[in-house]
Trainee: 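Sharing a structure with you now.
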Amino acid sequence: MPPSNPTPAPSAPGTPTAEPLAPDQAWRMAEHWPELSAALATQALEAADRMLRGLEMLVLRERLSAPEMQVLATPALRLQRCAKQVQQILRTQSGQVRLSHEKIDFALVIEAVLHDRRDEWMARGLTLRRFLQPIELLIDPTLGYSLCLAMVDWAQRFGEHLELRLELDPLQPCAVLTLRTHEGSQAADAERLLQDSIEWLLLRQLADTDGGIELQSRATEDGVELSARLRRVCVAQESKPADEPATPLSKAPTPPAPAQPEPPAKTGAVLVCSADPAVRRDTLALLQPMGLVTDAVASAVQALALLRERPVSLLIFDAEHPPADAPQLHQVLAGNWAGLPVLRLVRLRATAHDEHGGDTAVMSEKMQVPIDALPIALAPAVRFALSHLV
């Protein structure tokens, strides 16, 4: 007969775990659901990665055409996207996320989100009218980035024509970020669908984690409206209207780079591991304007030493120029730092199409950035990776 209280399987780092059951204690789903959902999300990511890796192999062998790749990869990309959002919800719900409330111009954070995701969204014909008043808030930069991203992801389910506004509330001391859809194809069913999505659960969890954000959503005659009231307002700057006509994101001008360095996106450092001195130098130069704490090493021994000395939020690993002792690094990471996100510098050879995100590079087991396009691709990939650590 199997034991009545078997030893639970180990869970991923940062995942809340249930206490062992006493012999006379009943098993309750509510106590084990966080651990179970974390395991399901991990398995979903692994399954999606395996499917995408297999499809990429077929494309490289010319056994699969690009249109066939697009059709077959879409379900895997959607599963991958959903699993990452579940993991993000669990990380914030666990209470182990360290927030750094800093005074930042929230309009710059929103512009960074729109710029980073513009190329992915333009394939859907998304149009955007925006009015962003420069407003300084006390907010964690990474959480603010995640909030804006989740709001746009949520709104796209109801229409392709968006209006985004950031302005001060004339009646209360707070800022209001409002996102409206116009002429949405699902407007008639908007009331039923308002809270029926992973994106909505993620938004609620981000707002609860910050503690100073209130969310409201409602159906309108021609779509839906989502607003986030941001309570931690600092000194409001002079309004600079940025109202633009609704144009496809693919034709929208690239927003100007901020004059000052971007605020730090995460408490922990970003560690770069590459055997190529030029890659280390170029990567650090690109990360410095983002305000990140960065280190660069040439070997696995050096990388492991730094991991033991200080918190690291993201490892950037040069898969094109790996150190000679790279297998040692992979082995120790799998055992002691299994939850550490890894951004790989590679030469991508195939892409797939995600109906929610345009052309998406096929990823194997971890995130990837084309090494020959670092000036364009590195900063958005790092911001996106750190936003999912919130």
Side-chain angles (χ1 to χ4, degrees), residues 85-86 88-114 128-159 162-182 184 187 190-237 239 242 263 265 387-390:
Q85 290 172 335
V86 171
Q88 193 174 0
I89 292 172
L90 292 172
R91 289 191 186 102
T92 56
Q93 188 273 338
S94 67
Q96 299 184 17
V97 174
R98 295 179 298 174
L99 298 183
S100 175
H101 287 87
E102 305 169 21
K103 185 170 73 170
I104 58 176
D105 184 349
F106 200 57
L108 295 180
V109 175
I110 299 172
E111 288 286 7
V113 173
L114 299 178
L128 176 66
R129 182 191 299 272
R130 61 182 181 270
F131 177 94
L132 302 179
Q133 178 181 355
I135 300 175
E136 289 188 336
L137 301 176
L138 282 176
I139 192 171
D140 181 86
T142 307
L143 188 143
Y145 185 97
S146 299
L147 179 74
C148 298
L149 181 60
M151 287 181 68
V152 178
D153 285 343
W154 177 89
Q156 286 185 81
R157 302 173 67 246
F158 303 98
L162 307 181
E163 179 182 288
L164 182 65
R165 286 183 172 267
L166 175 65
E167 52 195 348
L168 288 173
D169 190 319
L171 302 178
Q172 302 182 41
C174 67
V176 182
L177 178 61
T178 306
L179 188 61
R180 299 184 181 93
T181 66
H182 297 281
E191 193 70 46
R192 179 178 60 85
L193 296 173
L194 279 178
Q195 301 181 10
D196 185 21
S197 69
I198 291 294
E199 289 85 1
W200 176 255
L201 297 178
L202 176 57
L203 281 168
R204 293 292 300 270
Q205 188 60 55
L206 291 172
D208 183 70
T209 301
D210 178 84
I213 301 175
E214 297 178 5
L215 293 173
Q216 291 183 342
S217 55
R218 67 184 183 90
T220 62
E221 293 183 357
D222 55 357
V224 295
E225 177 182 292
L226 173 64
S227 62
R229 307 182 73 84
L230 306 146
R231 297 290 182 182
R232 298 190 179 96
V233 178
C234 298
V235 179
Q237 302 177 16
S239 175
S387 72
H388 283 70
L389 298 181
V390 172

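FYI, side chains are in, hydrogens and waters are out, and symmetry mates aren't considered; it's all heavy atoms of this structure.
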Trainee: Any donor and acceptor pair, going by atom type alone, linking the side chain of R232 with main-chain N or O of D210 inside 3.5 Å?
Mentor: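 Judged by distance alone, yes, a pair lies under 3.5 Å.
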Trainee: Would you call L137 and V233 a side-chain contact if the rule is heavy atoms closer than 4.5 Å?
Mentor: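 A side-chain contact exists here, since the closest heavy-atom pair is under 4.5 Å.
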Trainee: Locate the shortest heavy-atom distance separating A155 from L162; write the atom from each residue and the value.
Mentor: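 Closest heavy-atom pair between A155 and L162: CB-CD2, 4.1 Å.
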Trainee: With rounding to the nearest 0.5 angstrom, report the CG to CD1 distance, L168 to I135.
Mentor: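 With rounding to 0.5 Å, CG (L168) is 4.0 Å from CD1 (I135).
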Trainee: For F106 and C148, work out which heavy atoms get closest and say how close.
Mentor: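 Looking at all heavy atoms of both residues, the closest pair is CZ-SG, 3.6 Å.
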Trainee: If we only count heavy atoms from C-beta on, is the L226 to L203 side-chain gap below 4.5 Å?
Mentor: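 Heavy-atom side-chain distance check passes, below 4.5 Å.
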Trainee: To the nearest 0.5 Å, what is the distance between CG (L202) and CG (L147)?
Mentor: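 Rounded to the nearest 0.5 Å, the CG-CG separation comes to 8.5 Å.
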Trainee: If every non-hydrogen atom of S227 is compared with every non-hydrogen atom of V176, which pair is closest and at what distance?
Mentor: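 The pair with the smallest heavy-atom distance is CB-CG1, 4.3 Å.
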Trainee: Once side chain to side chain donor-acceptor pair (under 3.5 Å) is applied, do any residues pair with E214, and if so which ones, sequence neighbours excluded?
Mentor: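 Per chain and number, E214 pairs via side chain to side chain donor-acceptor pair (under 3.5 Å) with R231.
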Trainee: How would you list, by chain and number, every residue that makes a side chain to side chain contact (heavy atoms under 4.5 Å, CB included) with D208, sequence neighbours excluded?
Mentor: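 Counting only residues at least two positions away or on another chain, D208 forms a side chain to side chain contact (heavy atoms under 4.5 Å, CB included) with Q205.
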Trainee: For A150 versus E199, what's the shortest heavy-atom pair and its separation?
Mentor: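 In terms of heavy atoms, the two residues are closest at O-CB, 4.4 Å.
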Trainee: Can you measure from CD1 (I139) to CD1 (I213) and round to the nearest 0.5 angstrom?
Mentor: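 Spacing of CD1 (I139) from CD1 (I213) equals 4.5 Å.
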Trainee: With rounding to the nearest 0.5 Å, note down the distance linking CD1 in I110 to CG in L177.
Mentor: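 CG of L177 is found 4.5 Å from CD1 of I110.
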Trainee: Any heavy-atom pair between the side chains of V152 and L179 that's under 4.5 Å?
Mentor: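 Heavy-atom side-chain distance check passes, below 4.5 Å.
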Trainee: Looking only at non-hydrogen atoms, find the nearest pair between A107 and P134 and report the distance.
Mentor: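 So the minimum-distance heavy-atom pair works out to CB-CA, 4.2 Å.
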Trainee: Do other residues, nucleotides or ligands put more than 12 heavy atoms under 6.0 Å from the CD atom of Q172?
Mentor: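 Enclosed: over 12 neighbouring heavy atoms sit under 6.0 Å from CD of Q172.
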Trainee: Where is the tightest heavy-atom contact between L171 and D169, given as atom of each residue plus distance?
Mentor: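 Closest approach of L171 to D169: N-OD1, 2.8 Å.
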Trainee: Distance from F158 atom CZ to S197 atom OG, nearest 0.5 Å?
Mentor: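 The OG atom of S197 is 6.5 Å from CZ of F158, to the nearest 0.5 Å.
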Trainee: Side chains of P141 and V109: does their closest heavy-atom pair fall under 4.5 Å?
Mentor: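 No, their side chains stay 4.5 Å or more apart.
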Trainee: Which value, rounded to the nearest 0.5 Å, describes the distance between L128 atom CG and L164 atom CG?
Mentor: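 It is 6.0 Å, given to the nearest 0.5 Å.
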Trainee: For E163, enumerate each residue passing the salt bridge (charged side-chain N to carboxylate O under 4.0 Å, His left out) test, keeping only those at least two apart in sequence or located in another chain.
Mentor: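 Expected list: R165, R180.
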